[in-house]
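All remarks here apply to the structure that follows.
Residues: numbered from 1 along the sequence shown. What you see below is based on every heavy atom in this structure, not just the backbone, and it leaves out hydrogens, waters and symmetry mates. In this text, all values refer to a predicted model and were calculated from it rather than measured experimentally.
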Amino acid sequence: MTKPVFCAVDTADKDHARALAARVAGRVGGIKLGLEFFMANGRDGVAAVAEGGVPVFLDLKFHDIPNTVAGAVRALGACPYDILTVHAGGGSDMMRAAKDAARPGAKVVGVTVLTSMDEDDLAATGVIGTPADQVRRLAALALGAGLDGIVCSAHEVAAMRAAWPEGFFVVPGIRPAGSAVGDQKRVMTPREAMSAGASILVVGRPITGAEDPGAAADAISQSL
């Protein structure tokens, strides 16, 4: 990716998403569209945002039995995505099925531990150990399943880069210095995350909530 910052556009409003994409086009590496947008607008909505030529990170976090996930990924058809997520917790067979069903050339990455979760949250779900422990386990599964990389917080990415030098590491929970943390628990500044080994950074509210999203995107890029 020539520009490492992807702007997370979390909205159900297609016109608003297209307007935001236009305002940051050329200033970011791409646009991340998630479940909120996809449930409201589907494949046609993704295509509408992608019309401006901006790469699309489709963050749908598929998690089901292998056959169902493969069918869901195939059902995306010609939907123009460059990166697609599945939950690494779905296991090796599920991840492999998703990769096999994805559109040619797209990167499929496994979500490890959400950046809104910490050790206490993991323990409440029955997962023993730190977020780093769980990321390491799930990253090994993703690598063995043939995925292109993983989604993890900046706090784990240095160790993952060392273990998987060719991996593609998507790092959310990015907050420029002085920004509100919001619902994130494991955050880091853009420069720190890139220095730690991130491939791309996912930044949402610090860009989309700014009075001038394009200028905010430029400021983040310059901070790198």
Tell me, do [X] and [Y] make a side-chain contact under 4.5 Å, heavy atoms counted?
X    : Y    : value
P131 : H155 : no
L122 : D118 : no
R103 : P80  : yes
M94  : I65  : no
D82  : F6   : no
V109 : L147 : no

Could you list all the side-chain hydrogen bond (donor to acceptor under 3.5 Å, both in side chains) pairs where at least one residue sits in [range], not counting sequence neighbours?
range            : result
residues 158-168 : R161-S199
residues 133-151 : K99-D148, T130-D133, D133-R136, Q134-R137
residues 70-80   : none

Inset, instruction - For D93, check salt bridge (charged side-chain N to carboxylate O under 4.0 Å, His left out) against everything at least two apart and list the hits. - result: R96
What pairs meet the ring pair (Phe, Tyr, Trp, His ring centres under 6.0 Å) rule with one or both residues in [range], with sequence neighbours excluded?
range            : value
residues 103-135 : none
residues 58-113  : H63-H87
residues 203-224 : none
residues 109-143 : none

Distance-only donor-acceptor pairs under 3.5 Å for side chains of residues 7-14, two or more places apart:
unit_1 : atom_1 : unit_2 : atom_2 : d
T11    : OG1    : D13    : N      : 3.0
D13    : OD1    : D15    : N      : 3.0
D13    : OD1    : H16    : N      : 3.0

Legend entry - Same cluster (ILVMFWY, side-chain, under 4.5 Å), L35 and V111: yes
Inset, instruction - Please check if any side-chain donor atom of E192 sits under 3.5 Å from a side-chain acceptor atom of T189, or the reverse. - result: yes
Inset, instruction - Let me see the working for I150 and V170 under side-chain contact (heavy atoms from CB on, under 4.5 Å), right down to the final yes or no. - result: CA-CA 6 Å; I150 59 169; V170 178; over 6 Å; no
[X] to [Y] - nearest heavy-atom pair and separation:
X    : Y    : value
S92  : L141 : OG-CD2, 3.3 Å
A139 : M160 : CB-SD, 3.6 Å
C152 : V135 : CB-CG1, 4.0 Å
D121 : M117 : OD2-CA, 3.3 Å
K32  : D59  : NZ-OD2, 3.1 Å
E211 : R23  : O-NH2, 3.5 Å

Only pairs under 3.5 Å count here: list side-chain donor-acceptor contacts from residues 42-57, not counting sequence neighbours, and write none if there are none.
unit_1 : atom_1 : unit_2 : atom_2 : d
R43    : NH1    : A75    : O      : 2.9
E51    : OE1    : R18    : NH2    : 3.1

Legend entry - Results of side chain to side chain contact (heavy atoms under 4.5 Å, CB included) for A193 - residues two or more places apart only: A154, V171, I174, L201
Legend entry - Residue of the set I200, V24, V28 for which side chain to side chain contact (heavy atoms under 4.5 Å, CB included) holds with V5: V28
Legend entry - Check against side-chain contact (heavy atoms from CB on, under 4.5 Å), V73 and D100: CA-CA 9 Å; V73 174; D100 290 344; over 6 Å; no
Legend entry - Quiz item: cation-pi between K107 and F168, 6.0 Å / 45°: yes
Inset, instruction - Verify, without hydrogens or angle tests, whether T85 (side chain) and L60 (backbone) share a donor-acceptor contact under 3.5 angstrom. - result: yes
For residues 212-224, dump all side-chain donor-acceptor pairs below 3.5 Å to protein atoms at least two apart in sequence or in another chain.
unit_1 : atom_1 : unit_2 : atom_2 : d
D212   : OD1    : G214   : N      : 3.2
D212   : OD1    : A215   : N      : 3.1
D218   : OD1    : R27    : NE     : 3.4
D218   : OD2    : R27    : NE     : 2.9
D218   : OD2    : R27    : NH2    : 3.1
S221   : OG     : A217   : O      : 3.2
S223   : OG     : I220   : O      : 2.6

Legend entry - Point-to-point distance, once rounded to the nearest 0.5 Å, from CG of L58 to CD1 of I31: 13.0 Å
